[in-house]
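Numbering of residues begins at 1 and proceeds along the displayed sequence. What you see below is based on every heavy atom in this structure, not just the backbone, and it leaves out hydrogens, waters and symmetry mates.
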Amino acid sequence: MKDFTTRWPIGAWEKGLMTAVLELGALFGALICGILADRFSRRNSIFVACVVFCIGSGLQCGARSLSDLVLGRAIGGLGVGALSMLSPLYMAEISPPEVRGSLMALEQFAIVLGVVLGFWTGFLTRSIEGSASWRIPLAIQLGPGILLSIGCLFLPPSPRLLVLHGRHEEGLQSLARLRLRTPAEAETDPLLKVELLEMRVETALIQQTIGIDKHSVRSEATAWARLFDRKYIDRTLIGILMMFFQQWSGINALLYYGPTLVKSIGLRGDTVTLMVSGGIGIIQFIAVLPAIIYIDRLGRKPLLRGGSAIMASSHVITALLVSQFEDDWGAHSTAAWLAVASLYTFTAAYGISYGPIGWVLPSEVFPLSVRSKGVSLSTASVWVNNFLIGLVTPALMEISASFVLLLISSKT
Ligand SMILES: O[C@H]1[C@H](O)[C@@H](O)[C@H](O)[C@@H](O)[C@H]1O
């Protein structure tokens, strides 16, 4: 990407700003959707989020100045944040309970597929002459954005939201579509009736206990405050902390600063460095596959417990190796590769546990009455923590890479 660096010879500050604006945009996107999600259909909200995302991507890809790029990332970030909140919310509402975990783990599958494609596109286009080297990877993100906005036109509306709004017949028909039943079968199928009844009971309970949102500023504030009621505070903490621990496990520190970390392990050369950080994406991608199969069979807790133990041990091993050999990696190449192997082990354990479950759990723990706000707050936690990691990792790594690894191992 010589063209990019000669066109805009940016320093550390601007680099940080470009990373931060996307994350802050995403934070706002997730929070705004917590306010708007219940007022409009999930489908329409996802469609608008896609349009915002595409506008941001278009601005980035056609950037003529650094400020175009920064603005494009901020707008794109709004779309990313909105989508990262709306997608699990919608998926949780339409999935049958017995395969909900697997279906929702597909979100992580899509995220890491994006990580892998993004990384390797950048890697392959980096030596193309001219601005195509960076405009192509930025343009590619328009593809999924456009595809999803077209796909939205065919998405069935969330039956739970329809029932919440008193549109029971439409709710039944949408449920029938989702469970692959014909409109005629919808009227007779007992299983559909039971599922709809469960939704109506949930709605009746909401109406009895808290009433339906009146859309005033006061009722909005009360709705957010409800998340911190004694009744829901545990769930709210699960959502927020699940994402806190997911982020502070160090996965993004590894993805963003992998090359620097790997240099601190003593490996040299652009290609080796990129192969190692690219490899981290691929391992995450492979690891999510067993998670999709086993998350409903084994349950969330065993995967999280096992994942935590392996992730923490891997970080401790890498930290010990780094602290022992960082002054003389040349003479200890086996130790250097062992350190890389333990980073890979961490990534695999993360990819089967905290990666997917981070996206599954928050949407499952909240009841419909507070679900959109709960998911919004949990998703906001992803973006705040993601932002903080981007901010502090470079400075901490300068002090000591092994210290960073020990610090994150204590979090996992
Ligand atoms: O689960 C995802 C995934 O693991 C990504 O690689 C990471 O960048 C995200 O922050 C995380 O939420």
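For the atom pair CG of N44 and CZ of F47, the computed distance is 8.5 Å after rounding to the nearest 0.5 Å. Between atom CG of residue L83 and atom CD1 of residue I46 there is a gap of 7.0 Å, rounded to the nearest 0.5 Å. A distance of 10.0 Å separates CH2 in W134 from CD in Q60, rounded to the nearest 0.5 Å. Considering OG1 of T203 and CD of E198, their distance stands at 9.0 Å, rounded to 0.5 Å. Rounded to the nearest 0.5 angstrom, R160 CZ and L89 CG are separated by 11.0 Å. Interatomic distance, L164 CG to R371 CZ, rounded to the nearest 0.5 Å: 10.0 Å.
With contacts defined as side-chain heavy-atom distances shorter than 4.5 Å, the pair L377/F228 qualifies. The side-chain heavy atoms of Y354 and L304, taken from C-beta on, include a pair separated by under 4.5 Å. Counting only heavy atoms from C-beta outward, the side chains of R126 and S133 never approach each other to under 4.5 Å. Between Q284 and L255 the shortest side-chain heavy-atom distance falls below 4.5 Å. L138 is not listed as a side-chain neighbour of S57, based on a closest heavy-atom distance of 4.5 Å or more. The shortest distance between side-chain heavy atoms of I352 and Y294 does not fall below 4.5 Å. Proximity of Q247 to W383: side-chain heavy atoms (C-beta onward) are nowhere separated by under 4.5 Å. Taking the side chain as every heavy atom from C-beta outward, I146 and C54 approach each other to under 4.5 Å.
Counting heavy-atom neighbours within 6.0 Å of R200 CZ, excluding the residue itself, gives a total of 12 or less. Atom NZ of K2 has 12 or fewer heavy atoms from other residues, nucleotides or ligands within 6.0 Å.
A donor-acceptor pair under 3.5 Å is formed between the side chain of D189 and the backbone N or O of L191. Judged purely by atom type and a 3.5 angstrom limit, D296 uses its side chain to pair as donor or acceptor with the backbone of G101. With R235 contributing its side chain and F366 its backbone, the two residues share no donor-acceptor pair below 3.5 Å. Looking only at distances, no side-chain donor or acceptor of N386 sits under 3.5 Å from a matching main-chain atom of V382. Side chain of T393 to main chain of G390: no donor-acceptor pair is present (N/O by atom type, distance under 3.5 Å, no hydrogens or angles). Between the H315 side chain and the S249 main chain, a donor and an acceptor come within less than 3.5 Å of each other. Between the side chain of R167 and the main chain of L162, no donor-acceptor pair closer than 3.5 Å is present.
A pairwise comparison of heavy atoms in Q108 and W359 identifies OE1-CD1, 3.5 Å as the closest pair. Considering every non-hydrogen atom in both S376 and W224, the closest pair reads OG-CH2, 3.4 Å. Among all heavy-atom pairs drawn from M85 and V375, the shortest one is O-CG1, 3.7 Å. Contact detail for L161 and S41: the closest heavy-atom pair is CD2-CA, 4.1 Å. What you find for L175 and L196 is that their closest heavy atoms are CD2-N, 4.0 Å. Closest non-hydrogen pair, S314 versus F346, comes out as OG-N, 3.6 Å.
S363 and Y90 share no donor-acceptor pair across their side chains, judged by distance under 3.5 Å alone. No side-chain N or O of T379 forms a donor-acceptor pair with one of S84 less than 3.5 Å apart.
In this view, D3 and R7 satisfy the salt bridge (Lys or Arg N to Asp or Glu O under 4.0 Å) rule, not counting sequence neighbours. Contacts of F285 classified as ring-ring contact (aromatic ring centres under 6.0 Å, His included), with partners at least two apart in sequence or in another chain: F109. With sequence neighbours excluded, the residues satisfying salt bridge (Lys or Arg N to Asp or Glu O under 4.0 Å) with R179 are E195.
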Let me see the working for S342 and T318 under side-chain hydrogen bond (donor to acceptor under 3.5 Å, both in side chains), right down to the final yes or no.
CA-CA 6 Å; S342 74; T318 320; 2.5 Å; yes
Verdict with supporting geometry, E220 and R39, salt bridge (charged side-chain N to carboxylate O under 4.0 Å, His left out)
CA-CA 11 Å; E220 188 61 41; R39 303 201 179 159; 2.7 Å; yes
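A perpendicular orientation is assigned to the rings of W8 and F4, their planes being inclined by more than 60° (bins at 30° and 60°).
A ring-centre distance under 6.0 Å is found for W120 and F123.
Ionic pairing of E98 and R297 is not present here: no N-O contact between side-chain nitrogen and carboxylate oxygen is shorter than 4.0 angstrom.
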